[in-house]
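Here's the structure, in structure tokens; my notes come after.
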Amino acid sequence: MENKLTLYNTLHRKKELFIPIHSPHVGMYVCGPTVYGDAHLGHARPAITFDILFRYLQHLGYKVRYVRNITDVGHLENDADSGEDKIAKKARLDELEPMEVVQYYTNRYHKAMEALNVLPPSIEPHASGHIMEQIDFVQKILNAGFAYESEGSVYFDVEKYNKKYQYGKLSGRNIDDMLESTRDLDGQSEKRRSVDFALWKKAAPEHIMRWKAPWSEGFPGWHMECSAMGTKYLGEEFDIHGGGMDLMFPHHECEIAQSTAALGKETVKYWMHNNMITINGQKMGKSLGNFINLEEFFTGTHPLLTQPFSPMTVRFFILQAHYRSTVDFSSEALQASEKGLSRLMEGYARLQKLTPSATSSVETAGLRAKCEEAMLDDLNTPIVISHLFEALKAINLVSDGKETFSEVDLVELNDVFKLMVEEILGLVVETETSAGNEAYKKAIDLLLNMRLEAKKNKDWATSDKIRNELTALGFEIKDTKDGFEWRI
RNA sequence: GGUACUUUGGCCGAGUGGCUAGGCACCGGUCUGCAAAACCGCACACGGCGGUUCGAAUCCGCCAAGUACCUCCA
């Protein structure tokens, strides 16, 4: 497969040419949500970022197996290896079975992703459904000598691992510094070192989520699931592992250590991380209490929002920034995106209705190559969008009858827009298509046709009455050369 | 304290050693019965101080401000 896709590899801090291990197959693993609460804007970012990558790799002709997990066990509340399981806590508070909590939020996550037009992954494994694989993985690490048992729990021996391999290579951390800065906190823990992390935890008597293992009845450590499920479905070596930047340490660092310890080799070739979303310059995070649910965006029911924003607006907003930049949220920025998106989508709709002329009077031939080039350069979606807007100027001029497109150019332009807008950026026109909706649309058309008649007869009073009252109801009426357009 | 990153016009947000990113807003114009939409034009941006260079916002150094990670978070 010939292409020049470059991706930024966090492991080496630079863009690298993407060469799959087993072309044309590509294996891609992305850390999914811990399902103990509603999805928020922060969840939308990796989902959309890696959705773009998934779509684009397929466009390039690769056969992609995309695995995105659901974390439903092992993710603890507090410092690495103590505190309550997040799911269990939510279940206790709501008086539900843990799996009820999991199912409820998984369903809601799917619904939100669908609204954002995020394609479902090829496989969506649950941590709780892969306990056996995780136990096996822990056993492998023990057998390799990089873990120890303590009071029924199993911990990863970071110091010993670091003597043979390098712990901290992904996040750029130095183990000696880490040991030094935390040494005085050590003492009564069952861990030998504070930097060690849990592979298996013995369950406390009141802990309801528990499974039998050789060491105790308990549950796997948080980092275990990704190592076990990633290698199960994608093999001991696979191409891409993605996730939010905040997962780089400790989660991904520990994953690397686990896999390398158990298998004796590097598992992931390209590590990719999307940046964070900020609110007023501050990271959106659970502990800060400043995160906004996706549903609140869609309904506009959050104090920071001045109005509802549609899923496509949110998607477009995220795509207008590069995935490795932080993007600062504000109602103002969202409004700008909303307007920009509707201009883009209206222009695209107009394009599909244009009629060809004998020749083209404006140049748009380079659009496809320019868009591809931007995508190949580490998925530069903002540049793709800027090229589309430039082409939009030509489209609008032709639509106004000021310029012309030849049939060849028109077909090409339609093709590129369909490819880039719909298939790669995944932007779709948001419309409801029920029968009642159709009838309602026809009724509006009828009214506007009556207005057209009135205009012909220079009956401005009637014409303005129709337009003004529709405007008052929230419609936007635009007169065109030979008719009208409207939207709500 | 350690590590990393960021700093671009009113707002958002790309980018390259010399060539207009783009969007939104504002203002002016074309069009229109009036408007809206569309189109055209407009602001002539790159944290500060030095250095490298024929030339730097883009490379290097120092400084300043901010953010993130080092605990859970996408």
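Below, chains carry the letters A, B, ... as their sequence lines are ordered, and counting in each starts from 1.
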Can A:Trp460 be said to stack with the base of B:G33, given centres closer than 5.5 angstrom and planes under 30 degrees apart? yes

How would you label the contact of A:Met245 with the nucleic acid (heavy atoms, under 4.0 Å): base, sugar-phosphate, or nothing? nothing

Protein-nucleotide distance (A:Asn275, atom CG; B:A4, atom P), rounded to Å: 16 Å

Can you list the steps and then say if A:Asp377 with A:Lys15 is a salt bridge (Lys or Arg N to Asp or Glu O under 4.0 Å)? CA-CA 9 Å; A:Asp377 182 16; A:Lys15 287 185 205 170; 2.8 Å; yes

Measure CZ/A:Phe316 against C1'/B:C24 and give the value in whole Å, please. 11 Å

Using a heavy-atom cut-off of 4.0 Å across all strands, would you classify A:Ile277 as base, sugar-phosphate, or nothing? base

When only distance counts, do a donor and an acceptor, one from the side chain of A:Arg13 and one from the base of B:C5, lie under 3.5 Å apart? no

Between the side chains of A:Thr462 and A:Asp459, is a donor N or O closer than 3.5 angstrom to an acceptor N or O? yes

Distance, C1' atom - from B:G50 to B:G1, rounded to whole angstrom: 29 Å

Atom pair distance, as rounded to whole Å: CZ in A:Phe249 and P in B:A68: 18 Å

Atom CG of A:Asp464 and atom P of B:A36: how far apart are they, to the nearest Å? 13 Å

For atom CG of A:Leu170 and atom P of B:C70, their distance in whole Å: 13 Å

Does B:A74 have OP1 or OP2 under 4.0 Å away from a side-chain N or O of A:Asn274? no

How many whole angstroms separate atom CG of A:Asp400 from atom C1' of B:A36? 13 Å

Could you measure between the two C1' atoms, the one in B:G17 and the one in B:C24, and give it in whole Å? 31 Å

Please give, in whole Å, the distance from B:C40 C1' to A:Leu392 CG? 15 Å

Do A:Arg324 and A:Tyr8 meet the cation-pi criteria used here (NZ or CZ under 6.0 Å from the six-membered ring centre, within 45° of the axis)? yes

Write down the distance separating the P atoms in B:U52 and B:A57, rounded off to the nearest Å. 15 Å

Rounded to whole angstrom units, what separation is found between the CD atom of A:Gln307 and the C1' atom of B:C24? 13 Å

Give the intermediate values and the outcome of salt bridge (Lys or Arg N to Asp or Glu O under 4.0 Å) for residues A:Asp51 and A:Arg55. CA-CA 6 Å; A:Asp51 183 52; A:Arg55 288 164 181 267; 2.8 Å; yes

